[in-house]
J.: 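Before we start, here is the structure in question, set down as structure tokens.
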Amino acid sequence: MPAPRTTRKLFGRLSLPERTFVTDALRTETVGGVLLLAAAIAALIWANIPALHDSYESVSHFHFGPGTLGLNLSVAHWAADGLLAIFFFVAGIELKRELVAGDLKDPKAAALPVVAALCGMAAPALVYTVTSVAGGGSLAGWAVPTATDIAFALAVLAVIGTSLPSALRAFLLTLAVVDDLFAILIIAVFFTESLNFAALGGAVAGLAVFWLLLRTGVRGWYVYIPLALVIWGLMYNSGVHATIAGVAMGLMLRCHRGEGEEHSPGEHIEHLVRPLSAGLAVPLFALFSAGVSVSGGALADVFTRPETLGVVLGLVVGKTLGIFGGTWLTARFTRASLSDELAWADVFAVATLAGIGFTVSLLIGELAFEGDAALTAEVKAAVLTGSLIAACLATVLLRIRNAKYRKLTEAEERDEDLSGIPDIYEEDDPAYHLRMAAIYDRKAAEHRRIAQEKTAERHGVAEVAGGAGEESDGPA
């Protein structure tokens with residue numbers, strides 16, 4: 001007998017451990033996203049108030065660091081190459097965890113975020129290319145609108161108070177992890193102009209030592225942090241973008257639990273480092289990258305210059321159509337189907353939200369137009385403009401769907417038997433149904449008691465009324 005054909009549900013309910021992990025991760029990312037939003041606003045204010053503009057430029061371009069090691073960098077450079085390495089380190093751990101214990105472990109489940117992420121990067125690049133070619137602009141910025149900033153997207157969710165189902169939130173998180181992976185590959189392949197093979201060899205050797213120490217069970221931050229700094233410095237001097245060192249070290253951590261372990265080393269380190277990444281590294285990068293001069297003329301140029309218009313359309317149109325189209329293609333040409341609890345309008349709203357490109361888009365914009373300060377600033381303004389438009393559109397769409405999201409969330413959170421586990425995860429447990437039967441028996445007994453009391457009270461009132469009628473034959 002052939003095996004029965006099963007239909008897999010897109011955005012189906014997560015397992016309880018996976019849902020708990022996603023909830024904890026998103027809580028931290030949401031707080032970090034709010035800080036990121038605040039840092040971006042502070043940068044724009046700092047850079048656009050005439051009395052403060054010069055101080056912003058002075059701080060951003062202030063150089064410090066050991067010049068003999070090739071690390072005498074500006075504050076903005078340290079933020080982009082140094083602090084973002086922490087962000088990519090966490091991204092590497094997330095990717096490793098998804099590969100060994102999350103949605104990417106199962107090729108069938110991994111197909112959706114991978115296809116959606118690839119389409120969500122290819123479509124913006126295509127939109128940018130077509131727009132730039134039509135306007136006679138530079139093709140150097142094709143990669144700028146390909147990245148999604150998950151922290152900023154989750155900050156929008158936190159601000160507008162939308163209750164997304166956990167499966168859609170997990171899709172956003174997994175999509176961002178895959179998106180980050182391909183963004184890292186783009187940076188490594190397309191934005192490495194020349195290589196210092198001696199420094200690159202040293203970085204590879206350092207990574208090998210890092211891997212051996214992990215595999216032999218060596219513990220202690222005083223071992224790994226100095227080694228990580230050496231690897232980062234060598235990677236920077238090799239010509240490969242220094243953030244690659246962060247993701248490489250993140251991928252080396254073990255993310256499956258051993259016998260007797262409550263948390264894997266990767267989970268433990270991610271728990272320690274994620275607040276540093278979301279609460280300090282990324283907001284500081286935003287503070288020294290988002291400070292572009294904004295004026296009426298500059299905003300008008302965003303929609304008239306082919307490079308900047310391509311970035312805006314890539315983020316707003318390309319990202320939405322790419323991710324939504326990739327998800328629809330997965331449902332159309334595989335056995336997967338959309339969950340019965342969701343509508344395609346929900347997927348479209350989330351795809352629009354993914355059009356918020358900030359951290360990595362700003363970084364790629366700096367790399368793509370390095371040497372052209374004016375165009376770099378205009379591309380940054382385009383990234384901010386496109387992200388703002390995508391955020392506003394997503395807010396409107398998510399508000400429309402908010403009532404349905406709230407009902408789904410309430411269903412996921414309901415715990416009538418007070419076991420501490422949502423009822424939806426206990427439907428196959430006989431003990432759960434016995435507990436619910438006992439609860440309903442107590443409720444039924446209470447209702448029967450109340451019914452008897454009300455019946456007795458009603459009969460008593462009737463008797464009193466009847467007796468009063470017998471005593472008086474005349475009108476009152």
Side-chain angles (χ1 to χ4, degrees), residues 17-18 20-29 32 81-106 110 113-114 150-151 170 173-185 187-188 202-236 240-282 359-360:
E18 182 71 7
T20 302
F21 171 82
V22 168
T23 301
D24 292 341
L26 293 180
R27 186 178 296 114
T28 305
E29 290 285 4
D81 285 53
L83 292 178
L84 273 194
I86 301 174
F87 167 79
F88 280 106
F89 175 70
V90 175
I93 299 175
E94 287 178 339
L95 177 61
K96 180 66 173 291
R97 185 196 169 278
E98 291 293 333
L99 289 170
V100 302
D103 287 341
L104 300 182
K105 181 180 179 180
D106 180 6
V114 170
I150 189 61
L173 187 63
T174 308
L175 175 71
V177 171
V178 179
D179 189 283
D180 287 340
L181 171 63
F182 288 108
I184 291 164
L185 292 176
I187 292 172
V204 172
L207 289 171
V209 172
F210 189 87
W211 183 83
L212 286 172
L213 291 175
L214 289 172
R215 290 301 174 271
T216 53
V218 175
R219 295 176 178 270
W221 63 267
Y222 47 83
V223 174
Y224 290 101
I225 291 182
L227 178 58
L229 292 174
V230 170
I231 294 170
W232 176 86
L234 289 169
M235 189 68 76
Y236 175 82
V240 177
H241 200 270
T243 54
I244 304 300
V247 74
M249 287 184 280
L251 285 169
M252 289 182 180
L253 293 176
R254 178 168 61 83
C255 290
H256 60 272
R257 300 176 187 179
E259 186 176 353
E261 287 184 338
E262 185 176 355
H263 301 287
S264 67
E267 290 173 325
H268 176 66
I269 294 173
E270 181 187 9
H271 178 73
L272 295 176
V273 179
R274 185 187 288 275
L276 178 63
S277 169
L280 180 66
V282 175
T359 307
V360 182

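No experiment lies behind these values; they were computed from the predicted model shown.
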J.: So, using side chain to side chain contact (heavy atoms under 4.5 Å, CB included) as the criterion, who are the partners of Leu234 when residues are at least two apart?
T.: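 Leu234 satisfies side chain to side chain contact (heavy atoms under 4.5 Å, CB included) with Ala203, Val230 once adjacent residues are dropped.
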J.: Can Ile93 and Val273 be said to form a side-chain contact (heavy atoms from CB on, under 4.5 Å), step by step?
T.: CA-CA 10 Å; Ile93 299 175; Val273 179; 5.8 Å; no
J.: Of all the heavy-atom pairs spanning Ile231 and Ala245, show the shortest one and how long it is.
T.: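 Reported closest heavy-atom pair: CG2-CB, 4.0 Å.
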J.: For residues 242-256, which residue pairs qualify under side chain to side chain donor-acceptor pair (under 3.5 Å), counting only residues two or more places apart or in two chains?
T.: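 Residue pairs passing side chain to side chain donor-acceptor pair (under 3.5 Å), neighbours aside: His241-Thr243, Arg254-Glu261.
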J.: Work out which heavy atom in Gly92 is nearest to a heavy atom in Leu251; give both atom names and the distance.
T.: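 Answer, listing the atom of Gly92 first, then Leu251: O-CD2, 3.6 Å.
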J.: Let me confirm one number: the CZ-CZ distance from Phe89 to Arg274, rounded to the nearest 0.5 Å.
T.: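 It is 11.5 Å, given to the nearest 0.5 Å.
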J.: Where is the tightest heavy-atom contact between Val360 and Ala183, given as atom of each residue plus distance?
T.: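 For Val360 versus Ala183, the nearest heavy atoms are CG1-CB, 3.8 Å.
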J.: I'd like to check the side chain to side chain contact (heavy atoms under 4.5 Å, CB included) partners of Leu272; sequence neighbours left out, ordered by chain and number.
T.: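 Leu272: side chain to side chain contact (heavy atoms under 4.5 Å, CB included) contacts with His268.
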J.: With a 4.5 Å cut-off on side-chain heavy atoms, are Pro265 and Leu253 touching?
T.: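 No; the side chains remain at least 4.5 Å from each other.
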J.: Search all heavy atoms of Lys96 against all heavy atoms of Cys255 and return the closest pair with its distance.
T.: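 Taking every non-hydrogen atom into account, CG-SG, 3.7 Å.
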J.: If you measure from CG on Leu83 to OG1 on Thr359, what distance do you get to the nearest 0.5 Å?
T.: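 Rounded to the nearest 0.5 Å, the CG-OG1 separation comes out at 12.0 Å.
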J.: Do Val90 and Glu94 pass the side-chain contact (heavy atoms from CB on, under 4.5 Å) test, and can you show the C-alpha distance, the side-chain angles, and the key distance before you say yes or no?
T.: CA-CA 6 Å; Val90 175; Glu94 287 178 339; 4.2 Å; yes
J.: With sequence neighbours left out, which residue pairs that include part of residues 218-231 fulfil the side chain to side chain donor-acceptor pair (under 3.5 Å) condition?
T.: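 Applying side chain to side chain donor-acceptor pair (under 3.5 Å) to every pair that reaches into residues 218-231, excluding sequence neighbours, yields nothing.
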J.: Return the set of residues passing side chain to side chain contact (heavy atoms under 4.5 Å, CB included) with Ala242 (not counting sequence neighbours), or none when no residue passes.
T.: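 Side chain to side chain contact (heavy atoms under 4.5 Å, CB included) list for Ala242, sorted by chain: Asp81, Trp232, Tyr236.
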J.: Please report the closest heavy-atom contact between Pro275 and His271, naming both atoms and the distance.
T.: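 Looking at all heavy atoms of both residues, the closest pair is CD-O, 3.2 Å.
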J.: Taking only residues two or more places apart in sequence or in another chain, which ones pass side chain to side chain contact (heavy atoms under 4.5 Å, CB included) with Leu212?
T.: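 Testing Leu212 for side chain to side chain contact (heavy atoms under 4.5 Å, CB included), a comparison that skips the adjacent residues, returns none.
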J.: To the nearest 0.5 Å, how far apart are CG in Leu84 and CZ in Phe87?
T.: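 Nearest 0.5 Å value for the CG-CZ distance: 7.0 Å.
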J.: Quick one: pull up CZ in Phe182 and CD1 in Ile187 and give me the separation to the nearest 0.5 Å.
T.: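 Here the rounded value is 14.0 Å.
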